[in-house]
Amino acid sequence: MMLLFSIPVFSQIPVTPNSISGPTKVCKEDTVTYSISNVANATYYLWTMPMGCHLINGDSTNIISATYDSTFIGGNLTVSACNTQGCSPQRIRSVSLNYLPAPASISGDVDGLCNTTRTYTSAGVVGAHYYNWSLIGNGISINGANNLINVSVSISDSFSSGQIMVAAVNKCG
């Protein structure tokens, strides 16, 4: 008895995959999914990860899971479609850390501040988990929590000038 099976014969390498789907901004310790559409005549896919990114599932397929470790600072994720004739040119996706922008503004009083308590409010930043307020100057201090979208500030009679600053924070920093 003879067993027959067919082996695909390819005359050329597959075309470059279409765009890579998945996040372009990540935080360290994120686990994410990337994918591409299947490419005609491809029998496997060759993924390369940026430094600090590790493939954890889906090696050689068009859908992968990857995780970012504490050394990740940004880089390119690439994929090629391959068969017995070789691999296509790489499709590239740039990936960076998801640092938030600075809040656009701080609102609150700037005149008549001696011996008072004032509230200052940050413009919201999409994706912020909390806010980090800080003060520079003599005679000013934060009352209570400094991680909300607004902050209460005590201003003494020795205050002459100072600065109020706020940063939006997510799990990237």
Side-chain angles (χ1 to χ4, degrees), residues 8 10 13-108 119-136 141-153 163-173:
F10 300 104
I13 64 173
V15 298
T16 304
N18 286 328
S19 64
I20 300 171
S21 296
T24 58
K25 293 190 177 281
V26 298
C27 291
K28 296 173 182 184
E29 311 307 325
D30 278 356
T31 298
V32 299
T33 299
Y34 292 103
S35 64
I36 57 168
S37 299
N38 280 315
V39 175
N41 298 321
T43 55
Y44 67 98
Y45 300 91
L46 181 62
W47 292 88
T48 58
M49 306 291 120
M51 176 134 11
C53 179
H54 308 280
L55 182 69
I56 56 173
N57 192 6
D59 186 26
S60 300
T61 69
N62 67 316
I63 302 171
I64 63 164
S65 295
T67 188
Y68 291 89
D69 69 25
S70 63
T71 65
F72 179 74
I73 58 172
N76 290 327
L77 172 79
T78 68
V79 62
S80 296
C82 304
N83 64 22
T84 56
Q85 295 300 308
C87 293
S88 71
Q90 294 178 329
R91 175 63 63 192
I92 300 170
R93 185 164 189 104
S94 179
V95 182
S96 62
L97 287 171
N98 187 22
Y99 290 122
L100 297 175
S105 64
I106 298 173
S107 61
T119 299
Y120 294 90
T121 303
S122 169
V125 175
V126 174
H129 294 180
Y130 63 92
Y131 296 84
N132 186 18
W133 292 88
S134 57
L135 307 174
I136 297 175
S141 60
I142 293 175
N143 297 320
N146 75 334
N147 62 348
L148 304 174
I149 199 162
N150 55 38
V151 66
S152 175
V153 176
Q163 293 179 348
I164 298 175
M165 298 165 286
V166 63
V169 182
N170 65 9
K171 72 179 187 173
C172 284

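Just so you know, these numbers use all the heavy atoms, side chains as well, and skip hydrogens, waters and symmetry mates.
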Under a 3.5 Å distance rule, please check whether [X] uses its side chain to pair with a backbone N or O of [Y] as donor and acceptor.
X	Y	answer
Trp133	Leu148	yes
Tyr131	Val125	yes
Tyr68	Val32	no
Ser88	Ala81	yes
Arg93	Gly22	yes

For residues [X] and [Y], determine if any side-chain heavy atom of one lies less than 4.5 Å from a side-chain heavy atom of the other.
X	Y	value
Asn38	Tyr45	yes
Val95	Val26	yes
Val169	Leu100	no

Minimum-distance pair of heavy atoms, taken over all atoms of [X] and [Y]:
X	Y	value
Ser80	Gln90	OG-CG, 3.3 Å
Pro103	Ala123	CB-O, 3.5 Å
Tyr44	Cys87	OH-SG, 4.1 Å
Asn146	Val151	CA-CG2, 4.4 Å

* Of all residues at least two apart in sequence or in a different chain, which pass the salt bridge (Lys or Arg N to Asp or Glu O under 4.0 Å) check with Lys171? ->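 Lys171 satisfies salt bridge (Lys or Arg N to Asp or Glu O under 4.0 Å) with Asp30 once adjacent residues are dropped.
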* To do: With sequence neighbours excluded, tell me which residues meet side-chain contact (heavy atoms from CB on, under 4.5 Å) with Ser19.
  =>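 Once residues adjacent in sequence are excluded, Ser19 has no partner under the side-chain contact (heavy atoms from CB on, under 4.5 Å) criterion.
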* **Selection residues 17-27 - residue pairs positive for salt bridge (charged side-chain N to carboxylate O under 4.0 Å, His left out), sequence neighbours left out** =>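 Output for this query is empty, none listed.
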* In chain order, what residues pass the ring pair (Phe, Tyr, Trp, His ring centres under 6.0 Å) check against Tyr34, with sequence neighbours excluded? ->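 Applying ring pair (Phe, Tyr, Trp, His ring centres under 6.0 Å) to Tyr34 gives none.
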* side-chain hydrogen bond (donor to acceptor under 3.5 Å, both in side chains) contacts in which one or both residues fall within residues 94-103, not counting sequence neighbours ->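 Matches after skipping sequence neighbours: none remain.
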* **Reference residue Val39; test side chain to side chain contact (heavy atoms under 4.5 Å, CB included); the match among Thr16, Val15, Asn83, Asn62** => Val15
* Distance from Ile73 atom CD1 to Leu97 atom CG, nearest 0.5 Å? -> 8.0 Å
Name the atoms and distances for all side-chain donor-acceptor pairs under 3.5 Å in residues 46-58, with sequence neighbours left out.
from  : atom 1 : to    : atom 2 : distance (Å)
Trp47 : NE1    : Thr61 : O      : 2.7
Thr48 : OG1    : Thr78 : OG1    : 2.1
His54 : NE2    : Asp69 : OD2    : 2.6

